[in-house]
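For reference, the structure discussed in these notes is given below.
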Amino acid sequence: MRCTGDMMTYVQDKELYALDAWGGADPAYRLPVRVVTEFAWHNLFARNMFIPETDPPSARPIVPSTR
């Protein structure tokens, strides 16, 4: 997709911040969310909006979505 290609070209020389979190407090209905930001303070804002993942990030590899 063109949008994904443009985004990958834009971020290739940038340091990115990733956050794996949950949307929703009830474990039966929560949804996994991955937030990738260019600035650390954007990531801190997202951390306040979602429930952070409790597993260490090194336990799961980050695989880019192809959609």
- Query: Have E38 and Y17 got a donor and an acceptor in their side chains that come within less than 3.5 Å?
  - Reply: no
- What do you reckon, is CZ of R47 surrounded by more than 12 foreign heavy atoms closer than 6.0 Å? no
- V11: what forms a side-chain contact (heavy atoms from CB on, under 4.5 Å) with it, not counting sequence neighbours? M7, L16
- Query: Who pairs with Y29 by side chain to side chain donor-acceptor pair (under 3.5 Å), at least two apart in sequence or on another chain?
  - Reply: none
- Query: What closest approach, in Å, do P52 and A21 show between heavy atoms, and which atom pair accounts for it?
  - Reply: CA-CB, 4.1 Å
- How far apart are the closest heavy atoms of V33 and W22, and which atoms are they? CG2-C, 4.5 Å
- To the nearest 0.5 Å, what is the distance between CG (N43) and CG (L19)? 5.0 Å
- Item | Spacing of CZ belonging to F50 relative to CG belonging to D20, to within rounding of 0.5 Å | 12.0 Å
- Message: Applying a strict under-4.5 Å side-chain criterion to I, L, V, M, F, W and Y, I'd like to know whether M49 and I51 cluster together.
- Response: no
- Apply the test ring-ring contact (aromatic ring centres under 6.0 Å, His included) to residues F39 and H42: give CA-CA distance (whole Å), side-chain angles for both, the deciding distance (0.1 Å), then the verdict. CA-CA 5 Å; F39 300 107; H42 290 164; 5.2 Å; yes
